[in-house]
> 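After the structure tokens below, expect a handful of questions from me.
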Amino acid sequence: MDDSPKPPSDPTPPLPPPAQSHTGSPTDFLKGVVGKRVIVRLTSGVDYRGILSCLDGFMNIALEQTEEHVNGIVTNRYGDAFIRGNNVLYISAAEPI
């Protein structure tokens, strides 16, 4: 018989840190990021990063100083870019708001 101590059985993984509570609507978020750097992910998986100039109710987006990223690699740079809203998967802030 082996009297050596056995390792503890599958310990419970630590709990994730509590999520920051964000109060506000998506509209509030979008108003807060106008004029700031954002990341726009298209349904095709391509990212556009730039300064959000404006957007409308259809999520049509105008970006300034835009970079196109495919698989994390910059593939093009544009002064201004206009993205049709039906292609947008999400918009996220690239800097703290």
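One is the number of the first residue; the rest follow in order along the sequence.
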> Kindly give the heavy-atom pair with the smallest separation between A81 and T66, and that separation in Å.
CB-OG1, 3.7 Å

> In the structure I gave you, are the side-chain heavy atoms of T43 and V88 within less than 4.5 Å of one another anywhere?
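A side-chain contact under 4.5 Å is absent here.
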
> Locate the shortest heavy-atom distance separating A94 from I39; write the atom from each residue and the value.
CB-CG1, 3.9 Å

> At their closest point, which heavy atom of A93 faces which heavy atom of V33, and how far apart are they?
CB-CG1, 4.0 Å

> Just wondering, more than 12 heavy atoms not from D56 lying within 6.0 Å of its CG?
yes

> In the hydrophobic clustering (ILVMFWY, side-chain contacts below 4.5 Å, transitive), which residues join L89, or is it alone?
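Once heavy-atom contacts under 4.5 Å are chained together, L89 belongs with Y90.
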
> Which heavy atom of I91 sits nearest to which heavy atom of M59, and what is that distance?
CD1-CE, 3.5 Å

> State yes or no: do I51 and Y78 share one hydrophobic cluster built from I, L, V, M, F, W and Y residues joined by side-chain heavy-atom distances below 4.5 Å, directly or via other members?
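Different clusters.
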
> Does N60 reach the main-chain N or O of G85 with its side chain, forming a donor-acceptor pair under 3.5 Å?
yes

> Report the residue from I61, L52, N87 that forms a side chain to side chain contact (heavy atoms under 4.5 Å, CB included) with V40.
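Result: among I61, L52, N87, I61 is the only option passing the side chain to side chain contact (heavy atoms under 4.5 Å, CB included) with V40.
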
> Going from OG on S92 to CG on D47, what distance comes out if it is rounded to the nearest 0.5 angstrom?
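Output value for this atom pair is 8.0 Å.
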
> State the SG-CD distance between C54 and E64, to the nearest 0.5 angstrom.
8.5 Å

> Charged N to carboxylate O below 4.0 Å: is that the case for E67 and R77?
yes

> Go through the structure and list residues passing side-chain contact (heavy atoms from CB on, under 4.5 Å) with V46, not counting sequence neighbours.
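Once residues adjacent in sequence are excluded, the partners of V46 under the side-chain contact (heavy atoms from CB on, under 4.5 Å) criterion are S44, Y48, E68, V70.
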
